[in-house]
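All values below were derived from every heavy atom in this structure, side-chain atoms included, with hydrogens, water molecules and symmetry-related copies excluded. What you are looking at is a predicted structure, and each value in this text was computed from that prediction instead of being measured. Residue numbers count from 1 along this sequence.
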Amino acid sequence: MSSRPSPSTASPGSTLSSSPSRATPSPQITTLAARIARYTADTSKAAACFTDLDGELTALPERAAKIKTDAAQLLADVCDAALGKDVVRLYARLLVLLRRSAEAWRGFTTVSEFVDCLCKALLCVFKGWQAIAVLEGARAELLCKEETRKKACERKQKETVEEVMAEYTRLCPPCAAHSDETEEEDPDEDRTAEAA
């Protein structure tokens, strides 16, 4: 049985579950939050896998040294006149030693296979955090837009008359030609005044 770790892939679309200050966020925000939480969990698994594999750089030489010491001791015990007679015990120790020797690489058959797995785990971590950053940005934008809409709605409810007048001004702007005519004197009034 292999104790080889497998890197977890962080698929795009996971989310952190951070609850916004609003009572009921929009479905889009809820979906993004769930996605961020899933991506964070996947990325954390990949990071743990990478850390575990990175620890192998120091653990493997220690395991190899222990196996080498046990093998030397087994050889010495086989050559010993008194201990060498217990063949069944020596054979059992040999089988255990062979098993530990086979598992020393944790299921990797070559060094390049180990390095490939290490690189894949690191790549999963990188891509996972990259995807989380993009999703967090999208979530923050949605939260900002939702908050802006909410404030605009509250303002319109509190300042209804001002909002109606602002909309009227926007839809029916004052005509510049009419305002100039009212300021100029009427030429007919000038003629009437001259005739009198």
Side-chain angles (χ1 to χ4, degrees), residues 3-58 113-196:
S3 60
R4 175 185 186 175
S6 63
S8 171
T9 56
S11 54
S14 351
T15 4
L16 283 179
S17 61
S18 54
S19 58
S21 59
R22 281 158 238 64
T24 55
S26 73
Q28 284 180 322
I29 294 172
T30 304
T31 301
L32 278 177
R35 208 173 205 192
I36 291 170
R38 191 173 67 244
Y39 276 31
T40 301
D42 290 347
T43 302
S44 296
K45 288 177 188 174
C49 177
F50 176 79
T51 303
D52 186 41
L53 289 171
D54 189 45
E56 281 298 302
L57 298 176
T58 56
E113 192 177 299
F114 170 78
V115 171
D116 286 346
C117 188
L118 186 70
C119 291
K120 284 179 185 176
L122 183 60
L123 190 60
C124 285
V125 172
F126 175 73
K127 285 183 176 181
W129 286 119
Q130 195 174 30
I132 290 168
V134 169
L135 291 173
E136 282 289 355
R139 187 175 141 282
E141 182 180 354
L142 288 174
L143 286 171
C144 182
K145 286 179 179 179
E146 186 176 291
E147 188 64 30
T148 302
R149 280 192 300 269
K150 184 179 176 183
K151 286 180 181 179
C153 184
E154 288 173 0
R155 188 186 76 243
K156 288 176 182 177
Q157 288 176 353
K158 290 179 183 176
E159 303 168 3
T160 307
V161 173
E162 289 80 7
E163 288 300 321
V164 169
M165 292 307 297
E167 187 65 15
Y168 172 78
T169 304
R170 187 182 70 79
L171 293 174
C172 304
C175 185
H178 291 288
S179 61
D180 291 343
E181 288 178 8
T182 56
E183 291 177 8
E184 294 178 6
E185 293 181 18
D186 189 7
D188 291 332
E189 288 180 12
D190 290 340
R191 289 189 201 139
T192 311
E194 289 176 5

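From Arg38, atom CZ reaches atom CD1 of Ile132 across 11.0 Å, with rounding to the nearest 0.5 Å. For the atom pair Leu122 CG and Lys127 NZ, the distance stands at 11.5 Å (nearest 0.5 Å). One distance of note links NZ of Lys145 with CD1 of Ile29; it measures 11.0 Å at 0.5 Å rounding. In this structure, CG on Leu142 lies 9.5 Å from CZ on Arg139, to the nearest 0.5 angstrom. How far CZ of Arg155 is from CD of Glu162: 10.5 Å, rounded to the nearest 0.5 Å. Rounding to the nearest 0.5 Å places CG of Leu135 at 9.0 Å from OG1 of Thr40.
The shortest distance between side-chain heavy atoms of Cys117 and Leu53 falls below 4.5 Å. No side-chain heavy atom of Phe50 sits under 4.5 Å from any side-chain heavy atom of Leu123.
Looking at residues two or more places apart in sequence or on another chain, you find no side chain to side chain donor-acceptor pair (under 3.5 Å) involving Arg149.
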Might you work through the salt bridge (Lys or Arg N to Asp or Glu O under 4.0 Å) test for Glu147 and Lys150, ending with a clear yes or no? CA-CA 5 Å; Glu147 188 64 30; Lys150 184 179 176 183; 5.1 Å; no
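A salt bridge is absent between Lys151 and Glu154: the closest approach of a Lys/Arg side-chain nitrogen to an acidic carboxylate oxygen does not fall below 4.0 angstrom.
Residue-environment remark: CD (Glu167) exceeds the threshold of 12 foreign heavy atoms within 6.0 Å.
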